[in-house]
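Here is the structure we will look at, set down as structure tokens.
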There are 2 protein chains.
Amino acid sequence: MTVGGDTVTEVVRLSWKDVRDRVHGRVLDGTYAPGDRLPRDEDLAEEFGCARSTVQRAMQDLSLSGIVERRRKGGTRVRRDPVTRATLDIPITRNEVENRGAVYGYRLIGLTTEAVPPPVTAKFEMAGSEEMLRVRALHLADGHPFVFEDRWVSLRTVPEILEIDLAAQSANEWLVRNKPYTRCDLRFYAMNADAETAAILETGEGAALMVIERTTWIGLDPITSVKAVTAPGYEILTRS
Amino acid sequence: MTVGGDTVTEVVRLSWKDVRDRVHGRVLDGTYAPGDRLPRDEDLAEEFGCARSTVQRAMQDLSLSGIVERRRKGGTRVRRDPVTRATLDIPITRNEVENRGAVYGYRLIGLTTEAVPPPVTAKFEMAGSEEMLRVRALHLADGHPFVFEDRWVSLRTVPEILEIDLAAQSANEWLVRNKPYTRCDLRFYAMNADAETAAILETGEGAALMVIERTTWIGLDPITSVKAVTAPGYEILTRS
DNA sequence: AAGTGGTCTAGACCACTGA
DNA sequence: CAGTGGTCTAGACCACTTG
């Protein structure tokens, strides 16, 4: 170490983010190529002059980001197929409307008990069919249609739903606030508005609409499956 | 501790997942209501009989899941607005096609250098305009149109792109494999096919199509912005 | 200024899983 | 069965942020 000289060798304390970025840099510049096995955490720790747990923290992050894959005994490898990984937040529809500075509105359209049709049993991955509560409702923003939801709620898993006044409170809101889930499948696609949907959303037949389908379970028991058809112009953004 | 008796008090070793689940349970059953402040990590550690770092690991996970919010000095609080948080993987288009068991194909449609129009400068959050490489290309699955991409690549940030044979290798593939980014914005929406897009994707005018827009930067420098229009029937699924 | 979460360390043991 | 990642601990210090 030379103070006032040219090179100053300093004992730098590396944070786990530093380690992550340096390892990531090596993946990007080809030092570690796709499919390659990286050194063991312990060796990296020695190289970087930090504790193994610091390397572990860094590698955990790279693993979560989809950069590397880790296995006990198998070691750490650079993923062969790079992916863009993003996190999506889907809020309660009321909050989504209010966050846009609009006034939230809600209208119950239909409430029936029906046997679940095959397309929905498939989403739940159920063997046979059963009776479920079907809730059809419209969410509004400043009085304009915003999202139309067609929802099935399992009466076996969530019998309490029958005691909720679904004309006053949306099933969306009640379920998200009261029924935790352990599994959630999401599906996004575009569809042309059919006559009925167009009428409900006050748009033209054939308009391109974004659809969000969400199915949740608690353990293996189905909770709800909802097809939310959004009004034209709806966008999904990933959080920064 | 009574072996062979009724109650056996065992010194159980809690894992961070156990701690996470127990705290999560308290959020769900209302012990900790939305907006409430939770006990400090240290107090929870004492209560659960584990190290503070174990509680820290658990809370970090709950924080990532959007269940609680943590701030130094401010403590840990239950989020007021529950969200459904999901992780999306967007693979390279080639892999997406091949993972469906189809044969991947690629066709370069247009390659020009143009001044970036306002809608695209907005996506990049650029002050003025500049010349960029515009690449228009079609990805095919088993010979059928799969995704049409209209892409802008910054010649200032990525001059090497000019040396790549974009008729042989898609910009998608080359960029994902070679140009790391530090920021990625994603946007999804539905649009009706216009005449040109319908022709390219071999579908009818007005068909509902899912659009994926992705813009990436390295630091503050723009890399690329792409509008990927998918063929009818395209879906986005969250990984389990 | 003080309280609380964030990180680092060194060491130990556990739990997968590939050879 | 042996190698590697995963987790836990106890303690220390740091960094942010709020009262």
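Residue numbers start from 1 in every chain, and the chains themselves are labelled A, B, ... in the order their sequence lines are given, proteins ahead of strands.
- B:R80 CZ: 12 or fewer foreign heavy atoms inside a 6.0 Å radius.
- Among the protein residues, B:S53 comes within range of the nucleic acid bases, having at least one heavy atom under 4.0 Å from a base atom.
- Checking the phosphate oxygens (OP1, OP2) of C:dG3, no side-chain nitrogen or oxygen of B:R40 falls inside 4.0 Å.
- Candidate nucleotides C:dT4, D:dC8, C:dT9 were compared by shortest atom distance to the side chain of B:R37, and C:dT4 ranks first.
- Considering only side-chain N and O atoms, A:R72 lies nowhere under 4.0 angstrom from the phosphate OP1 or OP2 of D:dA2.
- Residue A:E160 qualifies as enclosed at atom CD: its count of foreign heavy atoms under 6.0 Å is above 12.
- Between the CD atom of B:E46 and the C1' atom of D:dA10 there is a distance of 15 Å, rounded to whole Å.
- Taking side-chain N and O atoms only, B:T54 has a distance below 4.0 Å to OP1 or OP2 of D:dT9.
- Atom CZ of B:F48 is separated from atom C1' of D:dA10 by 19 Å (rounded to the nearest Å).
- Nucleotides of DNA chain D nearest to A:S63 and A:K73 differ in position, and the one nearer the 5' end is that of A:K73.
- Straight-line distance from the CD atom of B:Q60 to the P atom of D:dT7: 11 Å, rounded to whole Å.
- Atom-to-atom, CG of B:D41 to P of D:dC8 comes out at 14 Å; the value is rounded to the nearest Å.
- B:E213 pairs with exactly one of B:K227, B:K123, B:R151 by the salt bridge (Lys or Arg N to Asp or Glu O under 4.0 Å) rule, that one being B:K123.
- Residue side chain A:R52 reaches the base of D:dG6 through a donor-acceptor N/O pair under 3.5 Å, judged by distance alone.
- A salt bridge links B:R183 with B:E125: the distance from a Lys NZ or Arg NE/NH1/NH2 to an Asp or Glu carboxylate oxygen falls below 4.0 Å.
- Ring-plane geometry between A:Y106 and A:H139 is classed as tilted, the angle between the planes lying from 30 to 60 degrees on a 0 to 90 degree scale.
- At the heavy-atom level, B:T76 lies under 4.0 Å from the strands shown only through sugar-phosphate atoms.
- Distances shorter than 4.0 Å separate none of the side-chain N or O atoms of A:Q56 from OP1 or OP2 on D:dG5.
- Straight-line distance from the CG atom of B:L44 to the P atom of D:dT9: 14 Å, rounded to whole Å.
- Rounding to whole angstrom units, CG of residue A:D43 and P of D:dG3 are separated by 13 Å.
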